[in-house]
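Let me begin by presenting the structure, written as structure tokens, before commenting on it.
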Amino acid sequence: MLQIQFIREHTAEVIERLKKRNIDAETLINKALEIDDMRKKAQYDCDALLAESNQLSRTVGELMKAGNKAEAEAIRSRSAALKEDIKNLEEKVKQLEAELQQHLNQIPNTPYHMVPEGKGADDNLEIRKGGSIPSLPEHALPHWELAAKYNLIDFELGVKITGAGFPVYKGKMARLQRAMVNFLLDQNTKAGYTEYVPPLVVNEASGYGTGQLPDKEGQMYFIGEDNLYLIPTSEVPLTNFFRDEILKAEDLPIKLTAFTPCFRREAGSYGKDVRGLNRLHQFDKVEIVQIAHPDKSYQILEEMVAHVEGIIQLLGLPYRILRLCGGDMGFASAMTYDFEVYSAAQNKWLEVSSVSNFESFQANRMKLRFKEGNEKPRLAHTLNGSSLAFPRILAALMENNQSEQGILLPAILQQYAGFEYLN
RNA sequence: GGUGAGGUGGGUGAGUGGCUGAAACCAGCAGUUUGCUAAACUGCCGUACGGGAAACUGUACCGGGGGUUCGAAUCCCCCCCUCACCGCCA
């Protein structure tokens, strides 16, 4: 959520930045300011009445103590008469505050100046490419056929016990994933991230803090009985560690990493996009999160991108890095880089990581602040990225590295897995 | 799930109707003293939303919501959470 105070002080800039999202920013922002003006007016009136009431009450106390009962009675009834007006005004203030909040919840984050203009995925800006796309033989198989051929993944079994989008990994594939967890967490720990094992379900306040709630309820599995949500990414618990906290400036940046399964309902997905491992309801992911000083967050974003890139290079996969355009960015992000790896048998790029700077958008929702010496608390910046999401990495590895003997693992994963080929 | 105790500022912890936005101590900040370190002393030190050029000032907040009262951290009701013991259980 954007800060109303910031909107008020930088109206033109906010509108200009929001235009990249191809929305009617002017109307949205002016409406917010309009509601806020009414809110301020109502609060001012309300405060004045409350001040008067407080003053009268104090007088009553003094008169009572002095034994001047008659006068105390008179003032008491005057004070009582104020009550109705106060109640009405308080209600009005509350209502306007709620209205403002609701309106602000609809305004997405302001894109950073480096974010390219554009409407959709075709307008994303390719920053760089790496690795080389293998030329596969004629009979090369897509990963779901390789999975069947080598008995690595049982999609039907998942359907039987749960439903579509919940694959069962078997044998060497299961062991490979265990190896991936260790490999990825080791990489992150080496880069200074502290490892955590967070809860896989979160409460409503956490869902709101990182921006999944309200409006995106439909994306998360919800346990109604206990009012809890299955996490769609460990970004949610990790970032919410710091909800309602005031950190010390010298403690920044805070760097965290975690491996967790992720749960997504993916309502509305269909067709070849969901084939095999391309899109699942449950998948594993290692995440990195940073809580940063506002002056450093963009430098940190680049560092995170370089870190993820290094990991993909270790895996030897052909990749490209895209800077998302305004029309393709998530609601809460100010700038996002997507990493895609090329899956050579499907002939398509698969998104395996998304690294974003949310600036103070999430921090404002969760009141995540920091303090520098005796200065007033300021909102921190939050960033996160996948390093990495497993299924599409596996899909690309399988397709790109297929051979007569089976699927050859990259050297680094051989060390962790203890075998050379998936076969 | 049952019973009991409790939730106060960064921390510990006083406070049972007006003199309390909140004692005291610790931590933190600024200064004095000091050869250095340490110690001592003095002052400052919650958050949010308003008004004001500023000095300053209004209001709200003692887990959350509602109520009683001229007046609530303090009394009443509901909810949430924590702790202890019991029960159940990987």
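Atom set for the values below is all heavy atoms of this structure, side chains included, hydrogens, waters and symmetry mates excluded. First the proteins, then the strands, lettered A, B, ... as listed; each starts at 1.
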Seminar exercise, completed: pair_partner(rG17(B)), Watson-Crick or wobble, both distances < 3.5 Å, evaluates to none
Exercise. How are the rings of F331(A) and F361(A) set relative to one another: parallel (under 30°), tilted (30 to 60°) or perpendicular (over 60°)?
Worked result: perpendicular
Seminar exercise, completed: Between CD of Q3(A) and P of rU47(B) the distance, given in whole Å, is 15 Å
Seminar exercise, completed: Applying the 3.5 Å cut-off to both distances, the Watson-Crick or G-U partner of rU68(B) turns out to be none
Problem set entry | Nucleotide rC49(B), atom P - distance to CG of L104(A) in whole Å | 13 Å
Protein-nucleotides 64-68 of chain B N/O pairs under 3.5 Å:
unit_1	atom_1	unit_2	atom_2	d
rG66(B)	OP1	K94(A)	NZ	2.7

Exercise. Which base sits across from rA55(B) as a Watson-Crick or G-U pair, both distances under 3.5 Å?
Worked result: none
For this session: Provide, to the nearest angstrom, the distance between the CG atom belonging to D244(A) and the C1' atom belonging to rC81(B).
Result: 14 Å
Problem set entry | Span that lies between the C1' atom of rG17(B) and that of rC62(B), in whole angstrom | 15 Å
Problem set entry | Paired nucleotide for rA38(B) [Watson-Crick or G-U wobble; both distances under 3.5 Å] | none
Problem set entry | rG66(B) versus rA72(B) - spacing of their C1' atoms, nearest Å | 14 Å
For this session: Using atom types as modelled and distance alone, determine if a side-chain donor or acceptor of H143(A) lies under 3.5 Å from a backbone N or O of M398(A).
Result: no
Problem set entry | Distance between C1' atoms of rC77(B) and rU69(B) (Å, rounded) | 16 Å
Problem set entry | Greater than 12 external heavy atoms within 6.0 Å of R78(A)'s CZ | no
Exercise. OP1 or OP2 of rC70(B) sitting under 4.0 Å from any side-chain N/O of R58(A)?
Worked result: no
Exercise. Of G61(A) and E90(A), whose nearest nucleotide on RNA chain B comes first from the 5' end?
Worked result: G61(A)
Exercise. Near Y298(A) OH, under 6.0 Å, is it more than 12 heavy atoms from other residues, nucleotides or ligands?
Worked result: yes
For this session: Quick one: label K41(A) by what it contacts on the DNA or RNA (base, sugar-phosphate, nothing), any heavy atom closer than 4.0 Å.
Result: nothing
Exercise. Is there a side-chain polar atom (N or O) of N54(A) under 4.0 Å from OP1 or OP2 of rG58(B)?
Worked result: no
Exercise. Applying a 3.5 Å limit to both distances, which nucleotide forms a Watson-Crick or G-U wobble pair with rA73(B)?
Worked result: none
Exercise. When the distance from CE of M64(A) to C1' of rG18(B) is rounded to whole Å, what number comes out?
Worked result: 10 Å
Exercise. How is R8(A) classified with respect to the nucleic acid when contacts are heavy atoms under 4.0 Å: base, sugar-phosphate, or nothing?
Worked result: sugar-phosphate
Exercise. Rounded to the Å, how far apart are E245(A) CD and rA48(B) P?
Worked result: 14 Å
Problem set entry | Length of the line joining L50(A):CG and rA72(B):C1', which is rounded to integer Å | 14 Å
Problem set entry | Base-pairing mate for rC62(B) - Watson-Crick or G-U, with both contacts under 3.5 Å | none
Exercise. Base, sugar-phosphate, or nothing for K376(A), non-hydrogen atoms under 4.0 angstrom?
Worked result: sugar-phosphate
For this session: Compare the minimum distances between each of rU47(B), rC70(B), rG58(B) and the side chain of K371(A), then state the nucleotide with the smallest one.
Result: rU47(B)
Exercise. On a whole-Å scale, what distance lies between the P atoms belonging to rG18(B) and rG13(B)?
Worked result: 24 Å
Problem set entry | Derivation and outcome, ring-ring contact (aromatic ring centres under 6.0 Å, His included), residues H307(A) and Y193(A) | CA-CA 11 Å; H307(A) 174 68; Y193(A) 293 88; 5.7 Å; yes
Exercise. Rounding to a whole Å, what distance do you find between Y44(A):OH and rC49(B):P?
Worked result: 18 Å
Problem set entry | Short side-chain N/O contact from K40(A) to OP1 or OP2 of rG51(B), under 4.0 Å | yes
For this session: Could you state the atom-to-atom distance from NZ of K367(A) to P of rC49(B) in whole Å?
Result: 8 Å
Problem set entry | rC85(B) pairs with, by Watson-Crick or G-U criteria that keep both distances under 3.5 Å | rG2(B)
Problem set entry | Contact list for RNA chain B against residues 68-79 of chain A - heavy-atom distance below 4.0 Å | R76(A), S79(A)
For this session: Could you measure between the two C1' atoms, the one in rG9(B) and the one in rU57(B), and give it in whole Å?
Result: 22 Å
